[in-house]
Peer 1: 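Next up is a structure, given as structure tokens.
Order of the sequence lines sets the chain letters (A, B, ...), proteins ahead of strands, with each chain counted from 1.
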There are 2 protein chains.
Amino acid sequence: MSQTTRADARKNRDLLLAAAREAVAEHGTDASLRDIARRASVGIGTLYRHFPTREALLEALLNANFDVLHARADSLLASPDPGDALMTWLGELAAGAATYQGLPESIMNALADEESGLHASCAQMRSAGGRLLERAQQAGSIRSDVTLSEVIALTLGLAWAAERSEASDLAARLLSTAMYGLAARDH
Amino acid sequence: MSQTTRADARKNRDLLLAAAREAVAEHGTDASLRDIARRASVGIGTLYRHFPTREALLEALLNANFDVLHARADSLLASPDPGDALMTWLGELAAGAATYQGLPESIMNALADEESGLHASCAQMRSAGGRLLERAQQAGSIRSDVTLSEVIALTLGLAWAAERSEASDLAARLLSTAMYGLAARDH
DNA sequence: ACCTGAACACCGTTCAAGT
DNA sequence: ACCTGAACACCGTTCAAGT
């Protein structure tokens, strides 16, 4: 990353990331690390030197995706309907988690484990959603007794379920159903 | 199983099941098969002879649990409130799926894969829930556009999410929230 | 400073050899 | 009919030896 990085190291890092992207696309989040090193034509030790854990590798892989989700949350914060804004964002979270097989699980695990190399990214993502949730609750469109962690867990749980299903729109359908459950009612 | 089974084979089967129960309780659904054979003081080949796949072993392990769930569905079919009955049963499904770590995933996979040794048990369980869902929909307490597979996927997804969380009541909380979403509304 | 790959301790699964 | 465990092809992870 820094400008003092040796050119060969920098190149290996890039090769590893490209190989990882391929392998994870094919085999999901728990793709073989050995296989990734092989694809990158690099020793397995080199992979470990650049990415000490699988989660650190995933973090590098998903960086851009998290940034997009974060930016989306910020822009949705300015949209007129707070309830719709949250719903839209959760839908994008679910869609993003469907990028790679096993990703909902990786994110969920990372949120629960502060030591995970993926924790910071995920926690930041969650916080971004938190602002949308607060706004929706203050606007009275979402139940006030519901927690940020619950909303995220719900969304990732549905994304997880959708992974193991032929119905490609399952996540969206389940999410929209669940949103009815999250809606505040005045009776 | 049959009465012509040799006594030693029968004994090994029982030893394997007891060992599996222990190992799965400790390490979840993907406990090491080798470790199970070791705990049973049996060759790894013997495990494979009795249970050709991990799913077949799980099936034997979970048999009784599925029977209970099935019976519960039947008895709840006679309860006065169809909506409550479904909710209660789904709650018990979620609780049952929390028996072993990884069980929601095993069930979900089995439902999606007809070749799985666990498929029949799970499909039967799902059907039992189907009768409760139909009744609740005919009574007008559950939205009619919702599918049996969706309701099961929703429930297992929430049970899965609850696995990775400190809040022990998360599954129940999420499920009750989701049930609001499943409720039919007359406005 | 970085890279390599052998080495270690595990897997799941099969199958020839035994009783 | 059933049991055994060596054998095979994989893992993740570490670390001495190299440049």
Side-chain angles (χ1 to χ4, degrees), chain A residues 1-20 22-24 26-61 101-102 105-106 109-110 113 115-118, chain B residues 1-20 22-24 26-61 101-102 105-106 109-110 113 115-118:
Chain A
M1 300 297 265
S2 87
Q3 47 190 136
T4 60
T5 307
R6 268 166 44 168
D8 55 345
R10 166 84 218 197
K11 188 187 160 208
N12 280 340
R13 211 191 105 100
D14 292 345
L15 285 172
L16 280 165
L17 277 177
E22 254 188 48
V24 171
E26 281 177 33
H27 300 111
T29 301
D30 43 46
S32 159
L33 297 178
R34 267 187 141 88
D35 182 40
I36 292 174
R38 268 193 301 263
R39 288 184 199 232
S41 308
V42 140
I44 180 68
T46 302
L47 184 149
Y48 275 90
R49 162 165 267 263
H50 284 279
F51 308 102
T53 63
R54 160 173 258 115
E55 285 71 31
L57 176 55
L58 281 177
E59 202 278 332
L61 214 60
Q101 193 210 38
E105 175 153 19
S106 298
N109 287 342
D113 176 16
E115 305 306 311
S116 166
L118 201 54
Chain B
M1 300 295 266
S2 86
Q3 47 190 136
T4 61
T5 309
R6 269 166 44 169
D8 56 342
R10 166 82 218 198
K11 188 186 158 205
N12 280 340
R13 212 190 105 98
D14 292 346
L15 285 171
L16 280 165
L17 278 176
E22 253 187 50
V24 170
E26 281 177 33
H27 301 111
T29 300
D30 43 45
S32 159
L33 297 179
R34 267 189 142 86
D35 182 39
I36 292 174
R38 269 193 300 263
R39 287 184 200 231
S41 308
V42 140
I44 180 69
T46 301
L47 184 149
Y48 274 90
R49 163 164 265 264
H50 284 280
F51 307 103
T53 65
R54 161 175 257 116
E55 285 72 31
L57 177 56
L58 281 177
E59 202 278 333
L61 214 61
Q101 193 210 39
E105 175 152 22
S106 299
N109 287 343
D113 175 15
E115 305 305 310
S116 166
L118 201 54

Peer 1: Enter the distance from B/Leu118:CG to B/Asn109:CG here, rounded to the nearest 0.5 Å.
Peer 2: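 Between B/Leu118 CG and B/Asn109 CG, I get 9.5 Å after rounding to 0.5 Å.
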Peer 1: Look at the side-chain N and O atoms of B/Arg6 and state whether any lies under 4.0 Å from the OP1 or OP2 oxygen of D/dC2.
Peer 2: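 No.
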Peer 1: Out of curiosity, A/Arg38 CZ to A/Ile36 CD1, how far, rounded to the nearest 0.5 Å?
Peer 2: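 If I round to the nearest 0.5 Å, the distance is 10.5 Å.
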Peer 1: Base, sugar-phosphate alone, or nothing: which one does A/Ala7 contact when heavy atoms must sit under 4.0 Å apart?
Peer 2: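 Result for A/Ala7 = nothing.
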Peer 1: For the atom pair CG (A/Asp30) and CG (A/Leu58), what is the distance rounded to the nearest 0.5 Å?
Peer 2: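 Interatomic distance, A/Asp30 CG to A/Leu58 CG, rounded to 0.5 Å: 9.5 Å.
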Peer 1: How many angstroms lie between atom CG of B/Asn12 and atom NE2 of B/His50, to the nearest 0.5 angstrom?
Peer 2: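 Result: 5.0 Å between the selected atoms.
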Peer 1: B/Leu47 or A/Asp35: which one's nearest nucleotide on DNA chain D is closer to the 5' end?
Peer 2: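 That would be B/Leu47.
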Peer 1: Taking Watson-Crick (N1-N3 plus N6-O4 or O6-N4) and G-U wobble (N1-O2, O6-N3), each under 3.5 Å, can you produce the dot-bracket string of DNA chain C? Use [ ] for crossing pairs and | for inter-strand ones.
Peer 2: ||.|||||...|||||.||
Peer 1: Are there any protein N/O atoms within less than 3.5 Å of an N/O atom in nucleotides 5-8 of chain C, and if so, which ones and at what distance?
Peer 2:
residue: C/dG5; atom: O6; partner: A/Gly45; partner atom: N; Å: 3.3
residue: C/dA7; atom: N6; partner: A/Arg34; partner atom: NH2; Å: 3.2

Peer 1: CD1 of B/Ile36 versus P of C/dG12: gap in Å, rounded?
Peer 2: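 Taking CD1 of B/Ile36 and P of C/dG12, I get 8 Å after rounding.
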Peer 1: With respect to the phosphate group of D/dC10, does any side-chain polar atom (N or O) of A/Ser32 fall under 4.0 Å of OP1 or OP2?
Peer 2: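 A/Ser32 to D/dC10 OP1/OP2: no side-chain N or O under 4.0 Å.
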Peer 1: Rounded to the nearest angstrom, tell me the gap between atom CZ in A/Arg38 and atom P in D/dA9.
Peer 2: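 About 13 Å, once rounded to whole Å.
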Peer 1: What is the distance, to the nearest angstrom, from the CD atom on A/Glu55 to the P atom on D/dG12?
Peer 2: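 Answer to the nearest Å: 12 Å.
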Peer 1: Please determine if a side-chain N or O atom of A/Arg54 lies less than 4.0 Å away from the OP1 or OP2 oxygen of D/dC11.
Peer 2: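 Answer no for this pair, as no side-chain N or O of A/Arg54 is under 4.0 Å from OP1 or OP2.
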Peer 1: Excluding sequence neighbours, so at least two apart, what forms side chain to side chain donor-acceptor pair (under 3.5 Å) with B/Gln101?
Peer 2: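 B/Gln101: no side chain to side chain donor-acceptor pair (under 3.5 Å) contacts found.
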Peer 1: Would you say D/dC2 has OP1 or OP2 under 4.0 Å from some side-chain N or O of B/His50?
Peer 2: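 So the side-chain polar atoms of B/His50 never come under 4.0 Å of the phosphate oxygens OP1 or OP2 of D/dC2.
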Peer 1: Rounding to a whole Å, what distance do you find between B/Leu33:CG and D/dC11:P?
Peer 2: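 My rounded result for the distance is 18 Å.
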Peer 1: Which nucleotide wins on minimum distance to the side chain of A/Tyr48, given the candidates C/dT13, D/dT13, C/dC2?
Peer 2: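 The nucleotide sitting nearest to the side chain is D/dT13.
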Peer 1: Tell me every residue that passes side chain to side chain donor-acceptor pair (under 3.5 Å) with B/Glu59, counting only those two or more places apart in sequence or in another chain.
Peer 2: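 Counting only residues at least two positions away or on another chain, B/Glu59 forms a side chain to side chain donor-acceptor pair (under 3.5 Å) with B/Ser121.
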Peer 1: For B/His27 and C/dC10, what is the distance between atoms NE2 and C1' respectively, to the nearest whole Å?
Peer 2: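 Value for this atom pair: 13 Å.
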Peer 1: Side chains of residues 40-49 of chain B: which donor-acceptor pairs under 3.5 Å do they make with residues two or more places apart or in other chains?
Peer 2:
none

Peer 1: Given atom CZ of B/Arg13 and atom P of D/dA1, what is their separation to the nearest angstrom?
Peer 2: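 In whole Å, D/dA1 P lies 18 Å from B/Arg13 CZ.
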Peer 1: My understanding is that only residues two or more places apart in sequence, or in another chain, count here; which of them pass salt bridge (charged side-chain N to carboxylate O under 4.0 Å, His left out) with A/Arg39?
Peer 2: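 Only A/Glu22, A/Glu26, A/Asp35 meet the salt bridge (charged side-chain N to carboxylate O under 4.0 Å, His left out) criterion with A/Arg39.
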Peer 1: When the distance from CG of B/Asp14 to P of D/dC2 is rounded to whole Å, what number comes out?
Peer 2: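 Interatomic distance, CG of B/Asp14 to P of D/dC2: 14 Å.
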Peer 1: Which whole-number value in Å describes the distance from B/Asn12 CG to D/dA1 C1'?
Peer 2: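 Distance, rounded to whole Å: 12 Å.
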